[in-house]
Amino acid sequence: MAAFTRNNSSSLSMLIPSLFFALLSSFNSVNGDAEANSLYLFDTIYQFGDSIADTGNLVREGPLGAATPFSRFPYGDTYFNKPTGRCSNGLLMIDFIAKELGLPHLNPYLDKEADFQHGANFAVAGSTALDTSILAQNRIMVPVTNSSLDIQVDWFTDHLKSKCSSKSECAKILKKTLFMVGEIGGNDYNYAILQGKTIDEVKADLVPKVIQTIKNAAEKLIDLGGVHLVIPGNFPIGCLPIYLTAFKSDNSSAYDKAGCLRGLNKFALFHNHHLEQMLHQLRKEHPDALIVYADYYNAFKSVLGNATLHGFDKESVLKACCGSGGDYNFDLTKLCGFDGARPRVLTQTKD
Ligand SMILES: *[C@@H]1O[C@H](CO)[C@@H](O)[C@H](O)[C@H]1NC(C)=O
Ligand SMILES: *[C@@H]1O[C@H](CO)[C@@H](O)[C@H](O)[C@H]1NC(C)=O
Ligand SMILES: *[C@@H]1O[C@H](CO)[C@@H](O)[C@H](O)[C@H]1NC(C)=O
């Protein structure tokens, strides 16, 4: 259930996009002055990922997804006035990104009635980078969805057939398309660590496979004609209420100055380092593609470090914004949306 809680700590999510645009503008510098405004030339977005980006796939996927709290208030109540399947009361990063590009909210692919003219969202809350059968071989159980990254890319491949029929026709369309590949892989680690794997086991057994899977997915998108790819890293997971609660320690040296768990943050940096190495290789192998790493780790840390400036009270910075009490306002058995778990503060406002 780890994935579900990841957005609880991210009323902060509204603050991250501004950092993101600094990053997107790096496409411009690659393209040169002639296309100085290429940021605004995107007419389509395709998103892959997990609860960080899902705008309504999990809740449509089947009875298990429909039974998750994301189909109920307080999810969706701040912005849409109804639950949409987003794992947030308000908007997600992808909503801000679409808005900034002048595009409509990205519809979930599993909404068969939806308009996909400007793209589609294939992200599924709770999903993993690795195929769930591979995780099962490592004795890691994945709840609620089997729609891992490969499956999301297969959905995209099917979807593309409705847009274009030849490779050159597809390539032409995809020139103006932004691909958001992730964040993904975070849940593979969440499930493993919360189910008792040690960080060393996860480093050895999962990280190389997750990185390779992200590489394969990116290559498939490039082969299909994708040119602009953003591939985000993992967050400082040692700052998330779920981990702070599960790995609470009496040993003060387990925590950094911000009150986050050092070992888990170090692990997130380990993944990010390997991801960046892989991207370096990917750029060499595909010199015509523009592949940008999105540093969610430092974006999140920077927002957290300035939280009081952003209007959060000092005591609540590491607490879930919706929960049922406790040191971090978090209880795995009473997640936001269950009876007894209420929003504590709603800092996100309509715009
Ligand atoms: C995922 O796949 C496994 C194995 O096929 C199956 O037992 C399980 O019910 C599936 N889970 C979901 C949520 O569909
Ligand atoms: C406290 O944590 C530090 C760093 O993780 C470790 O080196 C040290 O042995 C721990 N001390 C105790 C008493 O467990
Ligand atoms: C506050 O934000 C600025 C600008 O993003 C950043 O450079 C700085 O490191 C942040 N402060 C902390 C303590 O994280």
Side-chain angles (χ1 to χ4, degrees), residues 1-4 9-10 12-26 50-51 54 57-71 85 93 96 110 122-152 154-155 187-188 191 193 195 198-200 203 235-239 243-244 246-270 294-314 317-318:
M1 302 300 264
F4 301 163
S9 60
S10 59
L12 296 173
S13 67
M14 65 179 292
L15 300 166
I16 292 178
S18 58
L19 296 150
F20 185 83
F21 290 109
L23 175 158
L24 264 193
S25 63
S26 60
D50 56 24
S51 59
D54 184 356
N57 285 317
L58 178 67
V59 296
R60 287 183 173 80
E61 198 169 58
L64 275 178
T68 58
F70 318 125
S71 58
M93 286 191 274
F96 289 96
L110 297 183
F122 303 97
V124 181
S127 70
T128 51
L130 295 178
D131 195 283
T132 53
S133 65
I134 293 174
L135 290 163
Q137 284 163 21
N138 286 271
R139 301 190 189 287
I140 299 159
M141 200 207 63
V142 177
V144 295
T145 184
N146 285 321
S147 302
S148 59
L149 183 56
D150 277 0
I151 289 170
Q152 296 177 27
D154 286 346
W155 289 348
N187 283 329
D188 304 57
Y191 298 141
I193 295 168
Q195 289 170 30
T198 66
I199 287 181
D200 284 341
K203 276 184 178 174
F235 296 94
I237 59 173
C239 303
Y243 282 110
L244 287 163
F247 296 101
K248 196 165 151 47
S249 171
D250 292 333
N251 184 348
S252 62
S253 43
Y255 296 93
D256 67 13
K257 272 189 296 192
C260 306
L261 289 160
R262 285 178 200 281
L264 286 158
N265 279 1
K266 250 180 88 182
F267 169 73
L269 288 173
F270 177 88
D295 187 357
Y296 284 7
Y297 184 99
N298 282 301
F300 190 102
K301 271 252 141 175
S302 166
V303 169
L304 204 60
N306 289 294
T308 51
L309 289 176
H310 295 308
F312 289 84
D313 79 86
K314 203 162 168 267
V317 169
L318 292 175

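Note that ligands are numbered from 1 as they come in the structure, with each ligand's atoms numbered from 1 the same way. What you see is a predicted model, and the numbers here were worked out from it, not measured in a lab. Residues take their numbers from the sequence shown, with the count starting at 1.
Every atom of ligand 3 with a heavy atom of N306 under 4.0 Å away is listed here by number and element: 1 (C), 2 (O), 3 (C), 8 (C), 10 (C), 11 (N), 12 (C). Of all atoms in ligand 3, numbered sequentially from 1 with element shown, those under 4.0 Å from a heavy atom of K301 are 14 (O). Within ligand 1, the atoms closer than 4.0 Å to a non-hydrogen atom of V144 are 13 (C), numbered from 1 in the order shown.
Between the side chains of D131 and S133, a donor-acceptor pair is found at a separation under 3.5 Å.
Around CG of N251, the count of heavy atoms belonging to other residues, nucleotides or ligands within 6.0 Å exceeds 12.
Side-chain atoms of N187 do not come within 3.5 Å of backbone N or O of T128 as any donor-acceptor pair. Side-chain atoms of Y243 do not come within 3.5 Å of backbone N or O of C260 as any donor-acceptor pair. D295 places a side-chain N or O within 3.5 Å of a backbone atom of N298 that can act as its donor or acceptor partner.
Using cut-offs of 30° and 60° on the angle between ring planes, the pair F300 and F235 is perpendicular.
Closest heavy-atom contact between S253 and R262: O-NE, 3.0 Å. Scanning both residues, N265 and C239, for their nearest heavy atoms gives ND2-SG, 3.6 Å.
For ligand 2, the 4.0 Å heavy-atom shell contains residues N251, S253.
At a threshold of 4.5 Å between non-hydrogen side-chain atoms, the residues I151 and F122 do not count as touching.
In terms of N/O distances under 3.5 Å, ligand 1 is approached by N146.
Residue contacts with ligand 1 for T132 are absent, since no atom lies close enough (heavy atoms, distance under 4.0 Å).
In this structure, L64 counts as a contact residue of ligand 1, since one of its heavy atoms falls inside 4.0 Å of the ligand.
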